[in-house]
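Notes for the one structure printed next.
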Amino acid sequence: MMNLTTRRAAAAAMFAGLAVSTASAQIFQREIGDISDEWSYSVDTTEDGGSVSAGYKRVNGLGSEFHVIKYFPDGTTEWEVTFGGEGEDIAYSVQETKDGGYIVAGESTSFGTGFEIVLLRLDAGGTQLWSYAYEGSFMADPIHAPHPGVALDQGDEGEIYVVGHRASPTGFPFSTPVAFRTDSIGTLEWYNEYVVPTPFQEFPELAFTDIAYSPLDRTAVISGTIRADFPLDPNDPTFLGRTQDATLLKVTADDFAGAAPGGAPVWFFRYDSLFDRDNPDLPNVWETGDGLDVFREGDIILAGRTDLGLAPSGTYRSTHLVHVDAGGGPIWSVDYESFGVDGTPSTVATAYAAVEFDERRDAFVQAGRITSASGGGVNAHTQLTAFGGAPIWSWRYGLDDFRTYAESVQPSIECGYTYAGRIDNPNPPSGLGRGDHYLVANNDDGMTGCLEEEVFVEPVAPLRPRELPIQFDDRFEFLQLPNLTRPVDGFNFALCFDPDCDPGTGPCNAADIAPPFGVLDLDDVNAFIVAFFAMTPAADIAPPFGVWDLDDINLFIAAFLAGCP
């Protein structure tokens, strides 16, 4: 390692003008935004090694707008745009398309009654290509809190599958879940709303949370939750109790010459846990179905929350995963109880649409939030689970006074996982608000280098499937929207260089941009010079962002001369 004199000489020799990004390593925690209120609900990793997130931006307490941000691999912002009218517009789901653009799904109150679900198509640079509104309802989920919004997935030919909710014209039930498919340019191909008839309750509440296309049999699988009066005792169907269970619905993806219309149910199961802490002989466990992924031979992984049967019902205490085959039959199911390093129990909740199968590691990764009984507030949470259901690791991010949320997760292209969500920072950096976008990239072991703490997990089990009938009605209506995208600028602040962090896990400060990390030497200087003259994000760390000037150079020099802790 260079001493201070050598570092001064290196800096003086190499700088006729130059400074750094706060992370060249691909692990980081970042706060992105401005003085507005912002939140990310979805993230997708992109073919260039970066990522894209979608959520909302609310300026000066006024209506919210879709907010889409494209990131470079180091987490710095490549571009960001907003979309919306005069009402509330919130994006909940985003994916990269095969041609390098992006498809975004959200809800809106800007475009008239009956047209509340919006699809927005952007090109690779964030320019709007088209946008349509489809029948739906704004924040009409009757079960889940917080509201999961709409979700999307893409098929083999670029077709788009969407789930959401539609307000009932009669007012009861409050809303019905919907699913629809468009072609790759947004033209509606089928649209269905679904209800569950049962002899126990005339209108059980049903809500959808996520959708995934299954290429094996050209179907779509939908996760959700049902709440109704069901028999609690399988030996006495007249003994009813109010309960709530996770559900999976498989529907046809195509219209097969009228024989099986698109969106027709193939099978529909609710999954009821047998592990009741209060009364094992009479299970009444409340669960949710919060998200899913389809993988391998059409198998499905479902994630959600559970109250473990403890009073009061619906007070969710842990997460659960359910692995089923292509026919909906359970292979295994596990509830996961979490504990902090001091042994205190933690309340954990999954995020919606936030479980993914990682082909590289043959494992499942999920994201959400965690609250410790010993204090520490709400933190982002992530867990990696082996293919058979055993936990591999579990971490919480954003300790101390931060309130952080992980709303979505994707395996990164080469290593680790990328999460997006929200950070409520009690002491935000200059130019940033208390509520901003939160972007995390960790390594294969779940670590980012700082602001994290290990969580200990104990699995418990099992459950039983119960098939239910389901009916659907088709509709066909959508509306082309005007071009309402606007480029915006924000700030990008790295949270990952706490002086208490182990310098061996990543960059030690803003000048440590080249390996070996934890060492400041000529490799860092040379990397900065190359990045500065190439005008890449690695050298653009000081505001105004998007400008490579003396402010960047001075910041790099100050960090370089300060040395690693």
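Quick caveat: nothing in here was measured; it's all calculated off a predicted structure.
- Side chain to side chain, Gln410 and Ser408 fail the donor-acceptor criterion of an N or O pair below 3.5 Å.
- At least one side-chain heavy atom of Ile103 sits under 4.5 Å from a side-chain heavy atom of Arg121.
- With contacts defined as side-chain heavy-atom distances shorter than 4.5 Å, the pair Phe402/Tyr438 does not qualify.
- Contact check for Ser333 versus Tyr271: no side-chain heavy atoms found under the 4.5 Å cut-off.
- If you check the side chains of Thr306 and Glu287, you find no donor sitting under 3.5 Å from an acceptor.
- At a threshold of 4.0 Å, the pair Arg296-Asp362 counts as salt-bridged, since one of the basic side-chain nitrogens sits closer than that to a carboxylate oxygen.
- In this structure a side-chain-to-backbone donor-acceptor pair under 3.5 Å is present from Thr404 to Ala380.
- With sequence neighbours left out, Tyr316 forms a ring-ring contact (aromatic ring centres under 6.0 Å, His included) with no residue at all.
- Under the 3.5 Å distance criterion, with hydrogens and angles disregarded, no donor-acceptor pair is assigned to the side chains of Thr347 and Thr371.
- Under the 4.0 Å criterion applied to side-chain N and carboxylate O atoms, Asp335 and Arg317 are not assigned as salt-bridge partners.
- In the model, Thr382 has no side-chain atom that pairs as donor or acceptor with a side-chain atom of Tyr397 under 3.5 Å.
- In terms of the side chain to side chain donor-acceptor pair (under 3.5 Å) criterion, residue partners of Thr418 (sequence neighbours excluded) are, by chain and number, Ser412.
- Scored by the salt bridge (Lys or Arg N to Asp or Glu O under 4.0 Å) test, Asp299 finds no partners at all (sequence neighbours excluded).
- The list of salt bridge (Lys or Arg N to Asp or Glu O under 4.0 Å) pairs with a residue in residues 423-434, not counting sequence neighbours, reads Arg422-Asp424.
- For His147, the ring-ring contact (aromatic ring centres under 6.0 Å, His included) test picks out Tyr92, with sequence neighbours left out.
- Checking Asp358 against Tyr417 by side-chain atom types alone, a donor-acceptor pair falls below 3.5 Å.
- Asp141 contributes no side-chain N or O that, together with a main-chain N or O of Pro148, makes up a donor-acceptor pair within less than 3.5 Å.
- The salt bridge (Lys or Arg N to Asp or Glu O under 4.0 Å) search around Asp290 returns Arg305, not counting sequence neighbours.
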| field | Worked verdict on Thr225 versus His144 for side-chain hydrogen bond (donor to acceptor under 3.5 Å, both in side chains) | value | CA-CA 8 Å; Thr225 305; His144 302 97; 2.7 Å; yes
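- At least one donor-acceptor pair closer than 3.5 Å links the side chain of Ser64 to the backbone N or O of Asp89.
- Considering only residues two or more places apart in sequence or on other chains, Trp39 meets the ring-ring contact (aromatic ring centres under 6.0 Å, His included) condition with Tyr41, Tyr405.
- In this structure, the ring-ring contact (aromatic ring centres under 6.0 Å, His included) partners of His437, at least two apart in sequence or on a different chain, are His67.
- With Ser223 contributing its side chain and Asp210 its backbone, the two residues share a donor-acceptor pair below 3.5 Å.
- For Ala367, the side chain to side chain contact (heavy atoms under 4.5 Å, CB included) partners at least two apart in sequence or on another chain are Ala354, Ala406, Val409, Tyr419.
- Residue pairs meeting the salt bridge (Lys or Arg N to Asp or Glu O under 4.0 Å) criterion with at least one member in residues 42-52, sequence neighbours excluded, are Asp48-Lys70.
- Counting only distance, with no hydrogens or angles, the side chain of Trp332 and the backbone of Leu321 share no donor-acceptor pair below 3.5 Å.
- For the residue pair Tyr352/Glu407, the side-chain donor-acceptor check at 3.5 Å is not satisfied.
- Residue pairs that meet the salt bridge (Lys or Arg N to Asp or Glu O under 4.0 Å) test with at least one member in residues 439-451, sequence neighbours left out, are Arg360-Asp444.
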- Could you give me the CA-CA distance, side-chain angles and deciding distance for His323 and Phe357, then say whether ring pair (Phe, Tyr, Trp, His ring centres under 6.0 Å) is met? CA-CA 11 Å; His323 179 186; Phe357 177 61; 8.8 Å; no
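- Contacts of Asp325 classified as salt bridge (Lys or Arg N to Asp or Glu O under 4.0 Å), with partners at least two apart in sequence or in another chain: none.
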